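All ligand and atom numbering here is 1-based and tracks the order in the structure. Because the structure is predicted, anything quoted here is derived from the model rather than measured.
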Amino acid sequence: MISTTVKHLPPIVIALAILGLLESPVALAQLDRSRCADCHFANPYTEPAQQHLHRWSLSPHQRADVGCDSCHGGNPDTFESLQAHRGVLSSFNPSSPVHRTQLPATCGSCHVGPYVNFQASRHHELLGQGDRRVPTCSTCHGSVDGRLLSPQGLERQCAECHGPDGIEPRPGRAADARLLLEGIANVRESLEAARRLIERVRDAGRRRTLEAAYLQAEIPVIEARRAGHRFVFDQLEERLETAQERTAALLSELVNPAP
Ligand code: HEC
Ligand code: HEC
Ligand code: HEC
Ligand code: HEC
Ligand code: HEC
């Protein structure tokens with residue numbers, strides 16, 4: 001399965017996968033359609049559950065075939081309700097994989113990079129002690145949505161707790177988070193522009209060299225996004241600076257090729 005799909009991936013993706021920087025979502029996602037969603041869509045019940053289904057159907061999880069059982073457990077191969085729900089626990093139950101204290105491990109089983117970094121944070125330490133004041137994965141990404149916050153959205157999120165009226169006021173922290181996320185977004189935009197320019201390079205040898213330089217610039221961006229989950233930003237800043245320097249060098253090489 002993997003060997004037949006790998007051929008169609010761009011070399012950059014293959015190289016990232018070899019370096020372990022991509023989490024091979026295709027391989028992780030379940031390959032067969034699960035019956036959970038089929039039955040749930042056919043059974044309209046409570047309003048919040050309907051909204052949850054709707055969000056799932058619009059999410060990157062649905063697109064990548066990450067079904068209900070990936071987060072909730074249960075048996076996705078049957079239409080028999082009792083069997084299907086064996087092991088499925090309400091999110092209010094502390095042993096449920098979707099209880100807020102369990103989410104880092106549940107989401108982290110697929111999103112290893114963010115999880116490893118999150119584990120190094122004070123938020124994670126307190127969450128493990130059952131502290132309800134700290135954020136968990138769904139605070140920023142939604143329960144099922146897999147949404148990404150804009151820089152302003154992130155600032156607002158941090159400020160809910162660290163703003164002047166928050167439970168843990170730390171002026172400046174929310175604004176720092178916004179600035180850094182803007183930095184990441186800018187570098188990603190520049191890299192996207194570089195990628196399009198590289199595609200148009202005719203000389204195969206030069207294109208390979210540029211693709212290698214692209215990869216060298218992209219790796220620290222991926223690492224920076226993950227390092228953000230420590231919420232102490234020294235590592236993120238260092239990775240972002242490296243990415244900015246390499247991206248600038250790549251763009252200048254594309255625009256003014258060395259003779
Ligand atoms: C045969 C239809 C059917 C199948 C198959 C099914 N469900 Fe359900 N599920 C329901 C219905 C109906 C309810 C609402 C029951 C209630 O509210 O008492 C429910 C409730 C739930 C709940 C809420 C439980 C709670 O304690 O609040 C979750 C979570 C859930 N299902 C997940 C799943 C998952 C995951 C699967 C697949 C592994 C699945 N369901 C398969 C029909 C189904
Ligand atoms: C990416 C993880 C994820 C996926 C995929 C997912 N859910 Fe959930 N679901 C959650 C989380 C987290 C909650 C906890 C409530 C919240 O935070 O909104 C939840 C809550 C629920 C609830 C409310 C009952 C409760 O235990 O709180 C139902 C019902 C439910 N999910 C059904 C489904 C069904 C059906 C699917 C598939 C169509 C699905 N979920 C897919 C993460 C997920
Ligand atoms: C079974 C594996 C699996 C689980 C469990 C899972 N995800 Fe995902 N997630 C994926 C895949 C696959 C994608 C789509 C490919 C991608 O963007 O990485 C995705 C996409 C995302 C994205 C968008 C990433 C991007 O770059 O656009 C976010 C954010 C996300 N998931 C957060 C979560 C959160 C939070 C949870 C737990 C509530 C969770 N995921 C649970 C596999 C999973
Ligand atoms: C306080 C907010 C916050 C919390 C809590 C949080 N994240 Fe994130 N997450 C972000 C931000 C900000 C980004 C970067 C978004 C961007 O680049 O646009 C991100 C990016 C991601 C991505 C996409 C990038 C990547 O490396 O794949 C995934 C997946 C992800 N987070 C998963 C998780 C998981 C799993 C948890 C829980 C262990 C979690 N996040 C907790 C804010 C948060
Ligand atoms: C849901 C509330 C909540 C959100 C959202 C939140 N935090 Fe926190 N944060 C806390 C709490 C509570 C503590 C614990 C303070 C203590 O007792 O040590 C904490 C601790 C921290 C710490 C470690 C303590 C310190 O002063 O060094 C950092 C750093 C931090 N948060 C940064 C952030 C950043 C950056 C964001 C946004 C990306 C954020 N937090 C979002 C509640 C939150």
Side-chain angles (χ1 to χ4, degrees), residues 22-30 34-46 48-49 52-53 59-93 96-98 100 102-115 118 121-127 131-149 153-163 166-170 172-178 180-181 222 225 228-233 236:
L22 282 187
E23 277 139 17
S24 180
V26 186
L28 287 166
Q30 54 181 77
S34 108
R35 313 230 183 260
C36 319
D38 292 342
C39 184
H40 273 259
F41 276 103
N43 277 284
Y45 45 96
T46 56
H52 189 70
L53 287 183
S59 74
H61 290 131
Q62 187 276 335
R63 286 194 293 281
D65 235 342
V66 174
C68 321
D69 53 297
S70 307
C71 293
H72 289 280
N75 178 352
D77 302 323
T78 172
F79 273 121
E80 210 285 297
S81 186
L82 213 63
Q83 270 185 44
H85 294 109
R86 192 157 291 151
V88 174
L89 298 170
S90 152
S91 61
F92 294 106
N93 186 325
S96 164
V98 295
R100 71 192 310 281
Q102 307 286 348
L103 279 181
T106 303
C107 313
S109 67
C110 295
H111 300 294
V112 179
Y115 181 38
F118 189 75
S121 72
R122 175 82 177 133
H123 291 157
H124 183 261
E125 190 188 338
L126 291 172
L127 190 65
D131 197 320
R132 297 205 57 87
R133 302 169 307 148
V134 287
T136 185
C137 312
S138 57
T139 312
C140 297
H141 298 297
S143 56
V144 69
D145 321 48
R147 72 164 178 256
L148 296 174
L149 289 167
L154 183 66
E155 181 175 24
R156 271 197 301 277
Q157 195 63 256
C158 305
E160 287 231 344
C161 303
H162 296 301
I167 48 169
E168 196 56 40
R170 295 276 204 292
R173 189 174 284 168
D176 282 354
R178 171 175 55 77
L180 289 167
L181 192 55
I222 294 171
R225 285 174 94 199
H229 291 93
R230 286 170 196 262
F231 308 104
V232 175
F233 296 130
L236 188 167

- ligand 3 versus Leu148: contacting region, heavy-atom distance under 4.0 Å: side chain

- Task: Using a 4.0 Å heavy-atom threshold (strictly under), name the region of Leu154 that reaches ligand 5: side chain, backbone, both or neither.
- Result: side chain

- With atoms numbered from 1 as shown, which atoms in ligand 5 lie under 4.0 angstrom from a non-hydrogen atom of Val232? 29 (C)

- Task: Mind listing the closest non-hydrogen atom pair of Val134 and Asp131 along with its distance?
- Result: CG2-O, 3.5 Å

- Message: List ligand 5 atoms under 4.0 Å from Phe233, heavy atoms only on the residue side.
- Response: 35 (C)

- What part of Leu126 sits under 4.0 Å from ligand 5 if we count only heavy atoms: the side chain, the backbone, both or neither? side chain

- Message: Can you tell me how the ring of His72 sits relative to the ring of His52, calling it parallel under 30°, perpendicular over 60° and tilted otherwise?
- Response: perpendicular

- Message: Using a 4.0 Å cutoff against the non-hydrogen atoms of Cys161, which atoms of ligand 5 qualify?
- Response: 1 (C), 2 (C), 3 (C), 4 (C), 5 (C), 42 (C), 43 (C)

- Message: For atom 5 (C) of ligand 3, which of the options Thr136, Thr106, Thr139 provides the nearest non-hydrogen atom?
- Response: Thr106

- Message: Working to the nearest 0.5 angstrom, can you tell me the gap between Leu103 CG and Ser143 OG?
- Response: 8.5 Å

- Number the atoms of ligand 1 from 1 as they appear, then name those within less than 4.0 Å of a heavy atom of Pro76, with their elements. 38 (C)

- Item | Sub-4.0 Å heavy-atom approach of Asn93 to ligand 1 | no

- Answer with side chain, backbone, both or neither: which part of Arg225 has a heavy atom less than 4.0 angstrom from an atom of ligand 3? side chain

- atom 8 (Fe) of ligand 1 to Cys39: any N/O/S contact under 2.8 Å? no

- Query: Can you name the nearest heavy-atom pair linking Thr139 to Arg147, along with the distance?
  - Reply: O-NH2, 4.1 Å

- Message: Counting only heavy atoms closer than 4.0 Å, does ligand 1 sit against the backbone of Thr78, its side chain, both, or neither?
- Response: backbone

- Message: Once rounded to the nearest 0.5 Å, what's the spacing between atom NE2 of His229 and atom OG of Ser121?
- Response: 9.5 Å

- Query: In the protein, which heavy atom is nearest to atom 11 (C) of ligand 5, and how far is it?
  - Reply: Val134 CG1, 3.7 Å

- For the residue pair His40 and His85, does the interplanar ring angle fall in the parallel (under 30°), tilted (30 to 60°) or perpendicular (over 60°) class? perpendicular

- Item | Closest non-hydrogen atom pair between Ser59 and Asp145, with its separation | CB-O, 3.4 Å

- Would you mind finding which of Gly108, Cys110, Cys107 brings a heavy atom closest to atom 2 (C) of ligand 3? Cys110

- For His123, the N, O or S atom at the shortest distance from atom 8 (Fe) of ligand 5 is NE2

- Please could you name the atoms of ligand 3 that His141 approaches to less than 4.0 Å, counting only its heavy atoms? 29 (C), 35 (C)

- Message: Suppose I only count heavy atoms of Asn75 and a 4.0 Å limit; which atoms of ligand 1 are within that range?
- Response: 38 (C)

- Ranked by distance from atom 36 (C) of ligand 5, the top protein heavy atom is Cys158 SG, 2.9 Å

- Query: So is Ser143 in contact with ligand 3, going by heavy-atom distances below 4.0 Å?
  - Reply: yes

- Message: Run Asn75 and Arg86 through side chain to side chain contact (heavy atoms under 4.5 Å, CB included) and show every step you take.
- Response: CA-CA 7 Å; Asn75 178 352; Arg86 192 157 291 151; over 6 Å; no

- Message: If you round to 10 degrees, what value do you get for the angle at atom 8 (Fe) of ligand 3 between His61 atom NE2 and His111 atom NE2?
- Response: 180°

- Message: Using a 4.0 Å cut-off to any heavy atom of Gly74, which atoms of ligand 1 qualify?
- Response: 38 (C)

- Query: Among the heavy atoms of Gly73, does any lie under 4.0 Å from an atom of ligand 1?
  - Reply: yes

- Query: When you measure from atom 30 (C) of ligand 5 to every protein heavy atom, which one gives the shortest distance, and what is it?
  - Reply: Arg173 NH1, 3.2 Å

- In terms of heavy-atom contacts, Pro60 and Gly146 come closest through CG-O, 3.7 Å

- Between His85 and ligand 1, which residue portion shows a heavy-atom distance shorter than 4.0 Å: side chain, backbone, both, or neither? side chain

- Short list, please: which atoms of ligand 1 are under 4.0 Å from a heavy atom of Ala84? 5 (C), 38 (C), 41 (C)

- Task: Fit a plane to each ring of His123 and Phe231, take the angle between them on a 0 to 90° scale, and name the class: parallel (under 30°), tilted (30 to 60°) or perpendicular (over 60°).
- Result: tilted

- Query: His162: which N/O/S atom is nearest atom 8 (Fe) of ligand 5?
  - Reply: NE2

- Task: Any atoms of ligand 1 less than 4.0 Å from a non-hydrogen atom of Ser90? List them with their elements.
- Result: 26 (O)

- Query: Mind checking whether atom 8 (Fe) of ligand 1 has an N, O or S of His40 under 2.8 Å?
  - Reply: yes

- Closest approach of Pro169 and Ile167, non-hydrogen atoms and distance? CD-C, 3.6 Å

- Message: Please find the pair of heavy atoms, one from Phe118 and one from Thr136, that lie closest to each other, and give the distance.
- Response: CZ-CA, 4.4 Å

- Task: Specify the protein heavy atom at minimum distance from atom 29 (C) of ligand 5: its residue, its atom name, and the distance to 0.1 Å.
- Result: Phe231 O, 3.3 Å

- Message: Ring-plane angle category for His124 and Tyr115, please: parallel below 30°, perpendicular beyond 60°, tilted otherwise.
- Response: perpendicular

- By number and element, which atoms of ligand 5 are closer than 4.0 Å to a non-hydrogen atom of Arg122? 16 (C), 17 (O), 18 (O), 23 (C)

- Inter-residue atom distance Asp176.CG - Glu155.CD, 0.5 Å rounding: 9.5 Å

- Using a heavy-atom cut-off of under 4.0 Å, does the side chain or the backbone of Glu168 touch ligand 5, or both, or neither? side chain

- Query: Can you list the atoms of ligand 1 that are under 4.0 Å from a heavy atom of His72?
  - Reply: 29 (C), 35 (C)

- Query: Short list, please: which atoms of ligand 3 are under 4.0 Å from a heavy atom of Ser70?
  - Reply: 1 (C), 5 (C)

- Counting heavy atoms only, which part of Ala64 comes closer than 4.0 Å to ligand 3: side chain, backbone, both or neither? side chain

- Which ligand 1 atoms are under 4.0 Å away from a heavy-atom of Cys36? 34 (C), 35 (C), 36 (C), 37 (C), 38 (C), 39 (C), 41 (C)

- Hey, which atoms in ligand 1 end up nearer than 4.0 Å to a heavy atom of Val88? 28 (C), 29 (C)

- Message: So if I count the atoms of ligand 3 from 1 in the order they appear, which ones are less than 4.0 Å from some heavy atom of Cys137?
- Response: 35 (C)

- Considering the heavy atoms of Gln157, write down every atom of ligand 5 situated less than 4.0 Å from one of them. 5 (C)

